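Inspection log for the structure reproduced underneath, given as structure tokens.
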Amino acid sequence: MSHRETIFALSTPPGRSAIAVVRLSGPDVGAVLDAICPPRPEPRRAAVRRLKDPATGNLLDEALVLHFAAPRSETGEDMAELQLHGGKAIIRAVLDVLSKMPGCRPAEPGEFVRRAFGNGKLDLAQIEGLADLIDAETEAQRQQGIAQATGVQSQRFERWRAEVLAAMGLVEAAIDFSDEGDVGDQAVAQAEARARALTADLERELADGHRGEILREGFRVVLAGPPNAGKSSLLNALARRDAAIVSEEAGTTRDVIDVRLDLEGVAVIVSDTAGIRETASSVEQEGIRRTLQAAREADLVVWLSEGAAPLSPQERLHASNSLTVLTKSDLLAGETIDAKRRSHEGGCSGDTFPRTGCGDVSPRAQRDYDLAVSVRTGAGLDELTAEIARRALAAVGNPSDPAMTRVRHRREIETAVVELNVFLTEPARGLELRAENLRLAVAALGRLTGKIDAEDVLGEIFQRFCIGK
Ligand SMILES: Nc1nc2c(ncn2[C@@H]2O[C@H](COP(=O)(O)OP(=O)(O)O)[C@@H](O)[C@H]2O)c(=O)[nH]1
Ligand SMILES: [Mg+2]
């Protein structure tokens, strides 16, 4: 791993700032430090140094310099950190000088992490966690990201893999002892017991309602309902800005418009959609097709309707999780608002609404719905937000409990379960072929952390049978 180029990059965002950090990694780091800021700082001790262009002697900046000697660094290689004053010209001058140093070149995206992986400093699941941590916008995403980046998830993945390896070692032993019937049968029975217990664990894991993915990507809420129900107005009120066009003209919204909210630390994506109705317009039909698509993919469908008779097309949307909301509760509260004034003043989203109580919505009308809201008065909006937050929190569970955060995780675990089930249910295949099923399960689980080394299997077998044999 040492005969490589030394890479460098600005690790803080580009632009003006108090401090800018340039990082380097690779075999020539020491030589670079000797050239631009002698004397080379002691490893892991911060030192203030004048940075100079070795070609001209030109003073570039006074910086805090850190040196991490291999292998005790993030990448496992020699590394350095230059903590510069964060001016654009300083950064440019330093990067310029580095690019002229022998053996040095700018890093490619993710290259530091790739080297860390190559040197066994981080596994794949940790790297994914690190990426999530950097992208985290909400508290729950941060908690999930940090747990995964620090290896909580990887330890579980590794434990599962170790279980299959143990079962495999037993099967291999049974193959070796095939002439001593009893011993072999016992080993196979033990292997089966372990495989069965693990399969149950993995199946439970797969039935987690996608909570890790929902937490990472956002809990998807779709506002659906007939045209003019007040979907776009509600979206704007939830977003506290004019994200969607509000109009008394039915069929205005054709595209799905997304707004991202942070509800009690959980990322929630609320989508406004085209109203569902029979229409001759092909553009509107396309909008409705997208609504139905969004509703199928949603974690929660909020069905809005202003009528006292709730249609129940949410069944047409196949929503497993839904909420029915009566809109424009101010109109039912007996306020007399003529149509003209309504269209003029309506959709006043973006304003701050008096958050009064729910008003006097007629009990008969309200009975058929989970909640009643008025964007006009603000009534019920807090309750609706709280209910969405409650469902989102329920869907993601405890963010620091490890969860599958990617489709990739799910796919590998599914593969492992399939192989384990074949191993368990088809004994007639014979031990050699059944051992192969376990090997495929090990490989799938190994891909979760990027450890797919065949040496592991040998090691496991060796470790089990070396004593007295
Ligand atoms: N009085 C009243 N009018 C509303 C309320 N919400 C929306 N409207 C009006 O109803 C009409 C349709 O609203 P819009 O949000 O475009 O409905 P969408 O078609 O479901 O997106 C507009 O004229 C809005 O101003 C409300 O809470 N109270
Ligand atoms: Mg609309």
Side-chain angles (χ1 to χ4, degrees), residues 221-259 269-279 281 283-295 298 301-311 313-314 316-317 322-362 365-366 369-385:
V221 179
V222 163
L223 304 181
N228 264 334
K231 299 177 295 297
S232 298
S233 304
L234 180 62
L235 180 88
N236 290 342
L238 293 172
R240 293 164 207 265
R241 65 183 167 89
D242 283 342
I245 300 171
V246 167
S247 159
E248 76 274 23
E249 192 181 316
T252 303
T253 308
R254 272 104 185 255
D255 249 336
V256 176
I257 295 176
D258 289 347
V259 158
I269 304 164
V270 184
S271 308
D272 181 24
T273 61
I276 295 174
R277 63 166 179 179
E278 301 295 330
T279 175
S281 153
V283 179
E284 198 182 339
Q285 273 171 10
E286 173 59 19
I288 293 171
R289 195 193 63 75
R290 290 184 193 187
T291 300
L292 296 172
Q293 174 72 21
V301 172
V302 178
W303 184 265
L304 306 182
S305 167
E306 61 177 309
L311 316 159
Q314 73 262 38
R316 266 166 46 195
L317 302 178
S322 68
L323 196 62
T324 54
V325 175
L326 176 73
T327 53
K328 310 187 191 180
S329 62
D330 53 290
L331 297 182
L332 291 174
E335 290 178 34
T336 46
I337 300 167
D338 65 67
K340 246 190 184 153
R341 238 186 91 204
R342 231 164 91 195
S343 65
H344 186 246
E345 285 181 18
C348 44
S349 49
D351 298 348
T352 43
F353 301 105
R355 295 285 171 105
T356 54
C358 218
D360 308 305
V361 182
S362 95
Q366 214 184 350
Y369 296 86
D370 297 316
L371 283 166
V373 299
S374 166
V375 163
R376 168 70 63 89
T377 64
L381 290 179
D382 285 347
E383 288 85 344
L384 176 60
T385 308

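Counting starts at 1 for both ligands and their atoms, in listed order. In this text the structure is predicted, and so the values were computed from the model without any measurement. We use all heavy atoms of the structure for the numbers below, so side chains are in, but hydrogens, waters and symmetry mates are not.
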Seminar exercise, completed: At under 4.0 Å between heavy atoms, what of Leu331 touches ligand 1? The answer is side chain
Seminar exercise, completed: Only one of Asp258, Thr385, Val302, Leu238 passes side-chain contact (heavy atoms from CB on, under 4.5 Å) with Val270, and that residue is Leu238
Exercise. Hey, is ligand 1 close enough to Gly230 that some N/O pair sits below 3.5 Å?
Worked result: yes
For this session: For Thr327 and ligand 1, answer yes if some heavy atom of the residue is under 4.0 Å from a ligand atom, otherwise no.
Result: no
For this session: Please identify which atoms of ligand 1 are closer than 4.0 Å to at least one heavy atom of Ser232.
Result: 15 (O), 18 (P), 21 (O)
For this session: Would you check the N or O atoms of Asp272, main chain and side chain alike, for any that come under 3.5 Å of an N or O of ligand 1?
Result: no
Exercise. Do Leu323 and Leu384 touch side chain to side chain, with heavy atoms closer than 4.5 Å?
Worked result: yes
Exercise. Taking all atoms of both residues into account, what is the closest heavy-atom pair of Asp272 and Ser232, and its distance?
Worked result: OD2-OG, 2.5 Å
Exercise. What distance do Leu234 atom CG and Ser374 atom OG have between them, rounded to the nearest 0.5 Å?
Worked result: 10.5 Å
Problem set entry | Val375, portion touching ligand 1 at heavy-atom distance under 4.0 Å | both
For this session: Below 4.0 angstrom from a heavy atom of Asp330, which ligand 1 atoms are there? Numbered from 1 as shown, please.
Result: 1 (N), 2 (C), 26 (C), 27 (O), 28 (N)
Problem set entry | Flag side-chain contact, heavy atom, 4.5 Å: Tyr369 against Thr324 | yes
Exercise. Taking only heavy atoms of Ser233, which atoms of ligand 1 are found under 4.0 Å from at least one of them?
Worked result: 6 (N), 7 (C), 13 (O), 14 (P), 15 (O), 24 (C)
Exercise. Between Asn228 and ligand 1, is there a nitrogen or oxygen pair with a distance under 3.5 Å?
Worked result: yes
For this session: Any chance you could measure Leu304, atom CG, to Lys328, atom NZ, to the nearest 0.5 Å?
Result: 10.5 Å
Problem set entry | Ser232 near the Mg ion (ligand 2) via N/O/S, less than 2.8 Å | yes
Exercise. To the nearest 0.5 Å, what is the distance between CD1 (Ile257) and NZ (Lys231)?
Worked result: 11.5 Å
